[in-house]
Each structure stands twice: as C-alpha cells, then as structure tokens.
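These notes concern the structure reproduced below.
The residues of the chain are indexed from 1 along the displayed sequence.
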Amino acid sequence: MRVPAPPKRAISLEQNATEIMLSLGLADRMVGTSYQTDPVLPSLAAEYKKVPVLAKQYPNHEAVLAKEPDFLYSTLSSAYADEAAGPRADWKKLGVPAYLSVHDCETVKLTADEVRFDTIFNEVKDIAAVFGVEQRGEKAVKDLRVRLDRAVRAAPKNTGAKLMWYYSGTTTPHIAGHGGLPSTVSKQVGVDNAFDDIRQKWPAGNWEEIAERDPDVIVLADLTRGGDGDSAGAKKRFLRANPVTSQLDAVRNNRFIVVPGSAMDPSIRSVSLAEELSKGLTALYG
C-alpha cells in the first residue's frame, strides 16, 4: 500500500486501530473513530476524547466519506464490508489508502496461520512509518518487548498446566483453538492450550468434549458487550451451575484466570494478555 504523504485526516474504524494510533500520539491527525468495544485504555482516555466518534459500531460509507479522510485503518476486515465503510478497493479508486491488518486479511490465504508478536509489533511500526513518526513506533515497540520479556520470565516454570481459553457463549462455548493470540501466549509462558489441535482460531466447542479433556485452568474473557456468557462473572456462574461443567477439575478447584476480552485480539493490548496470564499462573502455582 502506497501512502503519498503522512495523513492529516485519518479515521480509525475500530478500537484496536484507534488505540494503536493514540499510542503513537496521532490524535491530532484523526478526524474520526468508531466501534468502541471496551473502555479505552486509561492511559489513552484523554487523547481519545479529542477524536470525534462517528458511530457506535461501524460508520457507513457515506458517513466516512463526509469526513473527507485521507487514510483509513482497521485491524478487522469487517470494517470494510459493504454495509460498513465499504471495500478497500473502492477507497483506492477515490485515492484514499485503506490499511488492514495482516491478521484479518479479506483473502484468507494471505492471513497468517498464527498470530505472532513480531507481526503485531511490525504493524505498530508500519503505522508509525505511514505518519512519519518512526521514532515513536520504535519506542512503543521497545517498551512492549520489555513488558513481554518480563511477563515470560515471571511466569512459573514446568507447571504442566493445560488451559482452556473461554471467550463467549454458554450453550455453544467459543474457545481458543490453534493459531490465535491465546495459543501464542500459552506457548510464550510455557503452558499448553488444551485445544491447540483444533485448526481454527476460535472454534465452537461442546461441553462434553471439554469435560473429556478436563483442562487444569480456565482463562475467562471478560467482555463488556452484554451477550450470553460474556462477562467473567456470567461465565463463572454458568460453569458452577451446569451439571457437566460443575464437575470440571478447574471449576471444582476454582482455577480461573480472568483477562480482558479485548486483549485476546492482536492489538496494542496483546502484551497485557501475557502479563495477566503470567500473574494468574503465579497466583495458582506459585
């Protein structure tokens, strides 16, 4: 993607993109943002207030066009759906570069099989380069690497723990399979994703199979959107009340680790997922 000059009227189309841009000090280059799924990181809240919110979820093509943007950015391909901002090819015809993270490319075969921290860090540096603030990008990535290394070192070693990453749903639970950020973070801190043999990043599981595998620890995504089993509290209540799940070893022994749901997506928050997992494992295993 070619960007002829550092953008001055950028729009971030969802929260991950917004927080990456704000982390690079780019609020003054932003004429809009949208789709806030969680409270913005406290360190970015003041800058976030400076940016107009175009829609509760995705703005449509006309709403985006009305802001006369010179750059669009999303880490999720859904932002460029016909009913949302519109296809990137259409924006290209209008002379507006539209950046999309490699983690969710419209062409499936071009999407990376596994989320890697180096890829996340490279995206941060890419955005910094687009806006001509390379030094900010280098500093942001350096700080993230220091935090990640610290979290990995602090995690207890040789626990042998097998984890289930429980994202959402009760009747049909969505759990982490192979290739997503939870799988990567598990490897980083030296534990196993109990469902890493499933070659999907977020497969729909079933409680009978989960009971057969009986994970040692359940990592609960704490989501604020209010859906079925979204909050960590709702997940715990379900797991303790359901006849099948109440017999899981992790449930009977209260081996839960709660993490922000938004941290499970590749973003500026990804390192915090490793930090929270490391802390949680230390609390459980010493």
* Any luck finding a side-chain donor-acceptor pair between Q15 and Y48 under 3.5 Å? ->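 Judged by distance alone, the side chains do not pair up.
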* To do: State, without any angle test, whether S78 and Y58 hold a side-chain donor-acceptor pair at a distance under 3.5 Å.
  =>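 Y58 and S78 do have a side-chain donor-acceptor pair below 3.5 Å.
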* To do: Step by step, work out the salt bridge (Lys or Arg N to Asp or Glu O under 4.0 Å) result for D192 and K162.
  => CA-CA 5 Å; D192 293 324; K162 293 186 178 296; 3.6 Å; yes
* To do: Count the heavy atoms belonging to other residues, nucleotides or ligands that lie under 6.0 Å from NZ of K125, then report whether that count exceeds 12.
  =>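 Enclosed: over 12 neighbouring heavy atoms sit under 6.0 Å from NZ of K125.
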Under 4.5 Å between any side-chain heavy atoms of [X] and [Y], yes or no?
| X | Y | value |
| --- | --- | --- |
| M30 | M21 | yes |
| V53 | Q36 | no |
| M164 | R213 | no |
| E47 | V51 | no |
| D143 | V271 | no |
| N193 | P182 | no |
| L277 | V259 | no |
| W165 | S186 | yes |

* To do: Would you name the heavy atoms of A250 and I218 that are closest together and state the gap between them?
  =>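 Result for this residue pair: CB-CG1, 3.8 Å.
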* To do: Please say which of L223, D38, L273 ends up in a side chain to side chain contact (heavy atoms under 4.5 Å, CB included) with S262.
  =>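 Only one of L223, D38, L273 forms a side chain to side chain contact (heavy atoms under 4.5 Å, CB included) with S262, namely D38.
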* For I268, the option from N16, L24, T75, L41 that meets side chain to side chain contact (heavy atoms under 4.5 Å, CB included) ->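 Answer after filtering N16, L24, T75, L41: L41.
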* Between Y166 and W207, what is the ring plane arrangement, given parallel below 30°, perpendicular above 60°, and tilted in between? ->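 Ring orientation of Y166 relative to W207: perpendicular.
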* Angle class for the Y167/W202 ring planes (parallel below 30°, perpendicular above 60°, tilted otherwise)? ->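 Tilted.
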* Should L220 and V191 be regarded as members of a common hydrophobic cluster, given that ILVMFWY residues are connected when their side-chain heavy atoms come within less than 4.5 Å of each other, either directly or indirectly? ->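 Different clusters: L220 never reaches V191 through Ile, Leu, Val, Met, Phe, Trp or Tyr contacts under 4.5 Å.
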* Asked: Between L144 and F117, is a side-chain contact (heavy atoms from CB on, under 4.5 Å) present by the stated rule, with each step listed?
  -> CA-CA 10 Å; L144 289 169; F117 275 100; over 6 Å; no
* To do: Kindly compute the distance separating NZ (K235) from OG1 (T170), expressed to the nearest 0.5 Å.
  =>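 Interatomic distance, K235 NZ to T170 OG1, rounded to 0.5 Å: 10.0 Å.
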